[in-house]
There are 2 protein chains.
Amino acid sequence: MNNEGAGARNARNSGSDRIGRRATMSDVAARVGVSRQLVGLVFRNEAGVGVETRNRILAAARQLGYSPNTAAQSLRGSSTRSIGVIFNPYELTPLDILSRIYEHAATAGYRVLVSTTTETRTEQVAIDELVGYRCEALILIAPKAGFVELRRAIGPTPVVVVGRGMPGSDFDVVRSQGADGMDGMVRHLASLGHRSICYVHCLDVLDSDVRLGGYRRAMAGLGLEQRVIELSGDFTEEAGARAAELLMSGGDLPGAVMCNNDLAASGLSHRLLQFGLHCPRDISITGYDDNRIAGLSYLDLTTVCQDPNEMARAAVEAAVARAAGSAGLPREIFTGARLVIRSSTAAPSV
Amino acid sequence: MNNEGAGARNARNSGSDRIGRRATMSDVAARVGVSRQLVGLVFRNEAGVGVETRNRILAAARQLGYSPNTAAQSLRGSSTRSIGVIFNPYELTPLDILSRIYEHAATAGYRVLVSTTTETRTEQVAIDELVGYRCEALILIAPKAGFVELRRAIGPTPVVVVGRGMPGSDFDVVRSQGADGMDGMVRHLASLGHRSICYVHCLDVLDSDVRLGGYRRAMAGLGLEQRVIELSGDFTEEAGARAAELLMSGGDLPGAVMCNNDLAASGLSHRLLQFGLHCPRDISITGYDDNRIAGLSYLDLTTVCQDPNEMARAAVEAAVARAAGSAGLPREIFTGARLVIRSSTAAPSV
DNA sequence: AGTACATACTAGCACGAGCCAGTGAGCTGT
DNA sequence: ACAGCTCACTGGCTCGTGCTAGTATGTACT
């Protein structure tokens, strides 16, 4: 009964309208009356298929709701043509970078697989998932774990880290010229007449070390006194608010406060308003990242745009190169940082 | 040369230290000197493997850095045991839901595949990706497209929509009791002595229609005059700020403003401060969602917690049930909404 | 008429793992 | 001594697709 000769295979395939089962290439082929391989040629957009046949195949595929099975493609293909991305979705900058990664990867012919970290989902778990799918390279945006730990979890897959240094690793690194950005910011404030410029240094921020270095260098270069408020914790608006309280209780208010991220600037600005201090009338405030909130009309933050698009482009480029087998020493790529002047900075009131 | 009899297969397998190639079950088996099937039994945690053999297999797997190939599992297995989730990562509530979805899906033995929408990445593209991976069910958090469009893109896969109604569809729907939440909020404000309660109605928010309905019902029930400011656009803080401007130019200020989301409340609060109005001294402000920002010390928003965990649980449960083939009419599940009273509401100043 | 070659299509193996149906060794009971 | 059974393990087919190596058919050129 189950041995009907050559017809058996086709019989199985055409009996495919089993509930929930997706159409396969064989289903499409059977419908048109050609071989499965020909359908494959059409979907891979290869030459050597008659125009009329191609159209009939495409029509049948549409009718049957055929869509290629990615798992089968990954399994059979010599490469999976996919890049994995790991990030914390609660931070805005990584999100901006992610959306650009999608675009650049598509251009390069790569698929993007996303795996997020959360409070309860560790980097280890996120990595395992992507390794399971055999991504050809991973892009880690602001990872928390160290090199050894990450490398052990990831195995032989190439890695690109964005927004954080990885000294001594074999990872490629993409970070913005945070030092230059902060340097430019200090000069901007100085040119407005500010001499008392305080810096709010939130740890747990992309490239926070580099940014602080830029502030210090620029202040030293101008012969100005450095004043740094260091804060930790993930809730960066809260950090800004705490900075506001420290400033208010500190006696002498600075003319300008530079925050190393926009969220902190937002919290700072809000909290200072509650103390009756208006920005920029009473105090100038700056952010960093040029996130969505920096452009809000009531904040209108002077900030530094670290060009998520450029970071994404560099990261994808590095990932694709490694996926294609490029050897060589790990590279460190610095992307540009551009000062964005808005209305939260003005000449000091004194 | 390539016909060495029975040894050929093993030769291929053990020649596996080709650069970048991941170990497979066969590699592990060859290392231990057992069959591939036995390795499979170990990794599927099935009975019938000797204790010592099992340990040797696990040790070899660790040494070789073996990890199961998800694509192969999906392809071969009778089911892919994966649920796809589509959402816009720039909104906070979907993020809260997502992180819980990961947990509930894991409990149910399902993998989660994430595909985000962005300004440049349409729902269509996000759907195609997940369909390609043959997710057994999709969870769409606050999708923009309509039923017909979504169903066409998705094909026969079951769908659960979160945070939005889908009248006339065959999708399961999970939404919070937004009406009850708003009702409770109105009563809370009324009990503080407020009679002039304005409502900021941002469209493009989860269940915005239901929430507005709750406000209207409660106000009508108390015999209070309804005052609704309707705003559209994605940038919800901006919407709150615009509402503040409308209120200031309107002449008579309400004693309390209810926003249908926390971000708008934040923007409103900030902008009102710039006009010199302090919350809650001069005006009470409420949000909705109990997002991260609602808990910020300087906002400390009275809001409604719609329990992302509960929504995630319900969504995963529905998705898993459908994936397992449960038939029946589409269900609409309402999850609870709980009033969270903080310090942004107080008795009116007059 | 025969060679050369392009065009349109097909056969068959392979990817890595799941799953069903075995197989052989050792033990028990009669 | 032999059936009956469990335990530990293996053979072999399969999922849906990519890829290499083909086979027909026609058309052009010597």
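Here is how names work: the chains are called A, B, and so on, in the same order as the sequence lines, proteins then strands, and each is numbered from 1.
- When distances are taken from the side chain of A/Arg36 to each of D/dC19, D/dG18, C/dG16, the shortest belongs to D/dG18.
- What separates CD of B/Glu136 from P of D/dC15 is a distance of 17 Å, to the nearest Å.
- Rounded to whole Å, atom C1' of C/dA8 lies 14 Å from atom CD of A/Glu46.
- Picking from C/dA17, D/dG18, C/dC9 the nucleotide with the shortest atom distance to the side chain of A/Arg44 gives D/dG18.
- A/Val34 comes within 4.0 angstrom of sugar-phosphate atoms only, judged by non-hydrogen atoms across all strands, and of no base.
- In terms of modelled atom types and a separation under 3.5 Å, the side chain of B/Glu136 and the main chain of B/Thr80 share a donor-acceptor contact.
- Between A/Asn69 and B/Gly50, the residue anchored nearer the 5' end of DNA chain D, judged by the nucleotide with its closest heavy atom, is B/Gly50.
- Among residues at least two apart or in separate chains, side-chain hydrogen bond (donor to acceptor under 3.5 Å, both in side chains) pairs with a member in residues 315-324 of chain B are B/Asp172-B/Arg322, B/Arg313-B/Glu317.
- Within the nucleic acid shown, A/Gln73 comes within 4.0 Å of sugar-phosphate atoms alone, with no base atom in reach, counting heavy atoms only.
- Two residues, B/Gly48 and A/Arg76, neighbour DNA chain D, and the one matched to the more 5' nucleotide by heavy-atom proximity is B/Gly48.
- Checked by atom type and distance alone, the side chain of A/Arg22 never pairs as donor or acceptor with a backbone atom of B/Arg134 at under 3.5 Å.
- If you check D/dG18, C/dG18, C/dG16 against the side chain of A/Met25, the one that comes closest is D/dG18.
- For B/Leu41, counting side-chain heavy atoms from C-beta on, the closest listed nucleotide (C/dA17, D/dT10, C/dT10) is D/dT10.
- Comparing atom distances between the B/Ser78 side chain and each of D/dC15, C/dC19, D/dC19 picks out C/dC19 as nearest.
- Phosphate proximity of D/dC9 to B/Thr53: present, with a side-chain N or O under 4.0 Å from OP1 or OP2.
- When atom types are taken as modelled, the side chain of A/Arg56 and the backbone of A/Val32 share a donor-acceptor pair closer than 3.5 angstrom.
- Across the protein-nucleic acid pair, A/Phe43 atom CZ and D/dT17 atom P stand 9 Å apart, rounded to whole Å.
- With distances taken from any side-chain atom of A/Leu75 to the nucleotides D/dC9, D/dT17, C/dG16, the minimum falls on C/dG16.
- Taking atom CZ of A/Arg81 as the reference point, atom C1' of C/dC15 lies 17 Å away to the nearest angstrom.
- Residue A/Tyr66 contributes atom OH, which lies 8 Å from atom C1' of D/dG16 at whole-angstrom precision.
- Distance, B/Asp27 CG to C/dC15 C1': 13 Å, rounded to whole Å.
- No donor-acceptor distance shorter than 3.5 angstrom exists from the side chain of B/Arg175 to the backbone of B/Ile333, with no hydrogens or angles considered.
- Of all nucleotides listed (C/dG16, C/dT10, D/dG18), C/dT10 comes nearest to the side chain of A/Ser35.
- In terms of phosphate contacts, A/Tyr133 brings no side-chain nitrogen or oxygen within less than 4.0 Å of OP1 or OP2 of C/dG16.
- Note: CD (A/Gln37) to C1' (C/dA14) measures 13 Å, nearest angstrom.
- Using a distance-only test at 3.5 Å, with no hydrogens or angles considered, no donor-acceptor pair links the side chain of A/Arg81 to the main chain of A/Cys135.
- Taking atom CZ of B/Arg54 as the reference point, atom P of D/dA8 lies 10 Å away to the nearest angstrom.
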